[in-house]
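Before any comments, here is the structure.
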Amino acid sequence: QVQLVESGGGLVQPGGSLRLSCTVSGFTWDHGSIGWFRQAPGKEREGMSCIRSSGLSSYADSVKGRFTASRDSAKNTAYLQMNSLKPEDTAVYYCAAVRYRTCPPLRDYNYWGQGTQVTVSS
C-alpha cells in the first residue's frame, strides 16, 4: 500500500520561502511520478508540479520560476521548494503518487497525502 505524508507547511510572510516534504512508502520511484497540488478555500484542486520517474519536473505557469520540485530516493522523500511566496499561494498543499512514468492529469493519481496548510500573510 502506498502512503504519503506531507510536512513543512506553515505561516510565512509574502516574499518568504517554505520547503514542503512528502515522505512516501510502498512506492517504486523508477516506475512512478509524484505530483504536487494545492486547493484554496472555495476553489478546485489544481496541479502545481510533477516530478517524473526520470527525475524531470514540470510546473504550472503560476509557480514556474518560484517553485522547485525534487526528490531524494534514498530518503523516500519528495520536496517542493517554494520561494517568493505570494498571498495567493495560500492553500492546502498535497502530494500524490501514480504508477505512471509520466505526469497524468489530477484525476489519475491514485494515492494522496493528507495535505499541509500553507498561509502567506503579513
Side-chain angles (χ1 to χ4, degrees):
Q1 181 71 13
V2 178
Q3 294 185 322
L4 301 95
V5 178
E6 298 104 335
S7 61
L11 174 64
V12 63
Q13 292 186 342
S17 298
L18 281 175
R19 188 178 77 160
L20 305 183
S21 299
C22 174
T23 302
V24 187
S25 59
F27 183 72
T28 303
W29 295 86
D30 290 344
H31 297 158
S33 299
I34 298 291
W36 287 96
F37 302 85
R38 69 185 181 189
Q39 188 165 19
K43 295 188 177 181
E44 293 186 352
R45 195 169 296 188
E46 59 177 347
M48 295 292 97
S49 177
C50 176
I51 186 163
R52 297 167 174 75
S53 59
S54 64
L56 294 176
S57 55
S58 57
Y59 302 91
D61 288 344
S62 59
V63 303
K64 198 173 293 183
R66 299 190 297 126
F67 290 12
T68 303
S70 62
R71 70 183 190 196
D72 185 335
S73 301
K75 295 183 178 180
N76 295 321
T77 302
Y79 302 98
L80 185 67
Q81 177 67 43
M82 306 186 296
N83 298 328
S84 303
L85 283 162
K86 306 174 182 180
E88 52 263 44
D89 293 319
T90 296
V92 177
Y93 283 69
Y94 300 88
C95 60
V98 63
R99 289 191 173 108
Y100 293 169
R101 288 191 170 91
T102 57
C103 298
L106 182 154
R107 64 179 181 270
D108 291 338
Y109 282 82
N110 310 96
Y111 309 100
W112 291 82
Q114 82 286 358
T116 186
Q117 176 71 45
V118 172
T119 302
V120 185
S121 175
S122 55

I'd like to check [X] versus [Y] (side-chain heavy atoms, cut-off strictly below 4.5 Å). Are they in contact?
X   : Y   : result
I34 : V24 : yes
K86 : R66 : yes
V63 : R38 : yes

Is it true that a side-chain atom of [X] and a backbone atom of [Y] form a donor plus acceptor pair closer than 3.5 Å?
X   : Y    : result
R99 : T28  : no
S33 : T102 : yes
T77 : D72  : no
E6  : C22  : no

Where [X] and [Y] come nearest, the two heavy atoms and their spacing:
X    : Y   : answer
S121 : P14 : C-CD, 3.6 Å
S62  : M48 : OG-CE, 4.2 Å
G8   : L18 : O-CD2, 3.8 Å
A69  : S49 : CB-OG, 3.3 Å
N83  : S17 : OD1-OG, 2.9 Å

Mutual orientation of the aromatic rings belonging to Y109 and F37 [parallel < 30°, tilted 30-60°, perpendicular > 60°]: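 Taking F37 first and then Y109, their aromatic rings stand perpendicular (interplane angle over 60°).
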For a side-chain contact (heavy atoms from CB on, under 4.5 Å) check, start with the C-alpha distance between N110 and V2, then their side-chain angles and the critical distance, and finish with the verdict. CA-CA 9 Å; N110 310 96; V2 178; over 6 Å; no
State yes or no: do [X] and [Y] share one hydrophobic cluster built from I, L, V, M, F, W and Y residues joined by side-chain heavy-atom distances below 4.5 Å, directly or via other members?
X    : Y    : value
V92  : V12  : no
Y93  : L106 : no
V120 : Y59  : yes
Y94  : L20  : no

Before you tell me yes or no, could you show the steps for W29 and S73 under side-chain contact (heavy atoms from CB on, under 4.5 Å), namely the whole-Å CA-CA distance, both residues' side-chain angles and the distance that decides it to 0.1 Å? CA-CA 7 Å; W29 295 86; S73 301; 4.0 Å; yes
Check whether Y79 forms a cation-pi arrangement with R19 (NZ or CZ under 6.0 Å from the six-membered ring centre, at most 45° off the ring normal).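 The answer is yes; both the distance and angle limits are met.
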Please lay out, stage by stage, how D89 and F67 fare under the test side-chain contact (heavy atoms from CB on, under 4.5 Å). CA-CA 11 Å; D89 293 319; F67 290 12; 4.1 Å; yes
Distance, nearest 0.5 Å, that separates [atom1] of [X] from [atom2] of [Y]:
X    : Y    : atom1 : atom2 : value
L4   : S25  : CG    : OG    : 7.5 Å
R71  : R52  : CZ    : CZ    : 11.5 Å
D108 : C103 : CG    : SG    : 11.5 Å

Verify side-chain contact (heavy atoms from CB on, under 4.5 Å) between R45 and W112, making sure each step is shown before the conclusion. CA-CA 12 Å; R45 195 169 296 188; W112 291 82; 3.3 Å; yes
Taking atom types as modelled and ignoring hydrogens, do the side chains of D30 and S53 form a donor-acceptor contact shorter than 3.5 angstrom?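 No, S53 and D30 have no side-chain donor paired with an acceptor closer than 3.5 Å.
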Between V118, T119, T90, which is the residue that forms a side-chain contact (heavy atoms from CB on, under 4.5 Å) with L11?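 Among V118, T119, T90, the one that satisfies the side-chain contact (heavy atoms from CB on, under 4.5 Å) with L11 is T119.
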Residue pair D61, K64: steps toward the salt bridge (charged side-chain N to carboxylate O under 4.0 Å, His left out) verdict: CA-CA 5 Å; D61 288 344; K64 198 173 293 183; 3.2 Å; yes
Exceeds 12 heavy-atom contacts within 6.0 angstrom, atom CD of E88: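 Yes, because the 6.0 Å sphere around CD of E88 holds more than 12 heavy atoms from other groups.
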